[in-house]
Amino acid sequence: MMLGGIEAGGTKFVLAVGTSPDSVLARHVIPTHDPATTLAEAAAWFAGRGIGALGIGCFGPVELDPRSERWGFITTTPKPGWADCDVAGYMAAALGVPVGFDTDVNAAALAEHRAAGGGAGSLAYLTIGTGIGGGLVLEGRPVHGIAHPEVGHIYPRRHPQDVDFAGVCPHHGDCLEGLAAGPAILARWGASLSDLPEDHPGHAIIADYVAQACHLLFATTAVGEVVIGGGVAQTPGLARRVAARARELDAGYLPGGARHAVIRPRLGGDSGIVGALLLAQGTAGA
Ligand code: ZN
C-alpha cells in the first residue's frame, strides 16, 4: 500500500509518499501559510498519488484523545489562524483515507525508536529550534497521557551566569523554551548558537538547560536515550556538552547510569517525516 506522510511544522510542511517508512518515493516541501491555503496545497499534492493511509506529525498543542470530537485538531496555538484547526479531519475528508495523527515530536520519537531497534525500548526525542518540544516512546508506545507531554515548558534551575535574562516564552518567561530555544539565544547574544565563538559562555549555558531536561527525562521516565534534533541542536559540540553536563547532574546516582545517552538523530533530518509515514502505516494496519 502507498503511504502518505505530513510533517506539519510552524514554518513548513514536509509531504512524502512511500511504499514503507523506509522507502520514500517522492517528497515536497511547502511553506506554512494560513490553514486554508496550506491544507489545500497539501491535499492537492497527495491527490492522484494513490495513497491508502496518511500519517500526520503535527505542531501543537493538539488533541489526541480518540474519544474527543476534537481529535486531530490543533487546539490553542498562538500561531495566527491555526487555533481550533481540524487538521486530521480536513485531510481525511479531502483524501478519503484513514489518518494517523500525533505530535511532531512523538512522530520523530517513534521513528528514532524504530531506528534504534524498536521493540519494547524507550526513548525521548527533544527538538530544540524555534521552540522546544519533547516526544516520548516508553516500552514501545508513544506517550499521550491526558493530552501529550510538553517538555519544553519545564522550569530549569537558572545558570549562575544567566540570572538576569527574563526569558521569551509568552506563557512562562523563563521556562526551558523561553531560555534555550533559538529566539532566546538570539535575544541574549544577537546570534544563533552555532555563530557564537567556541569560547562564548552561551554554549555552556544552553547545554546546562538542555541537560537539565535530559536529566529530568532520565530520572522520571527511565528512558535510555534522549535524541536531540532541531536547528539549535545542530550546533557543533552541543550534544557532547549536553551529555557531559547531564552526567554531572546525575552525579552517579541514577540506576540507568552509564547507559544513559544524549545523541543526535540516527535519521538525521528525516525523523519527523519517517515518523509521519509510521503513523500512516499504523493506522492502515489498525
Ligand atoms: Zn513556556
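Side-chain atoms are counted along with the backbone in the values below, which use heavy atoms only and exclude waters and symmetry mates. For ligands, and for the atoms within them, numbers begin at 1 and follow the listed sequence. No experiment lies behind these values; they were computed from the predicted model shown.
Among the atoms of His171, no N, O or S atom falls under 2.8 Å of the Zn ion (ligand 1).
The atom name of the N/O/S atom in His172 closest to the Zn ion (ligand 1) is ND1. Atom ND1 is the N/O/S atom of His153 found closest to the Zn ion (ligand 1).
Taken from CG in Leu278 to CG in Asn106, the straight-line distance is 12.0 Å, to the nearest 0.5 Å. Between the CZ atom of Arg245 and the CD atom of Gln212 there is a distance of 7.0 Å, given to the nearest 0.5 Å.
Between the side chains of Asp102 and His144, at least one donor N or O lies within less than 3.5 Å of an accepting N or O.
Ring orientation note: the planes of Phe218 and His260 are close to parallel, at an angle under 30° on the 30°/60° scale.
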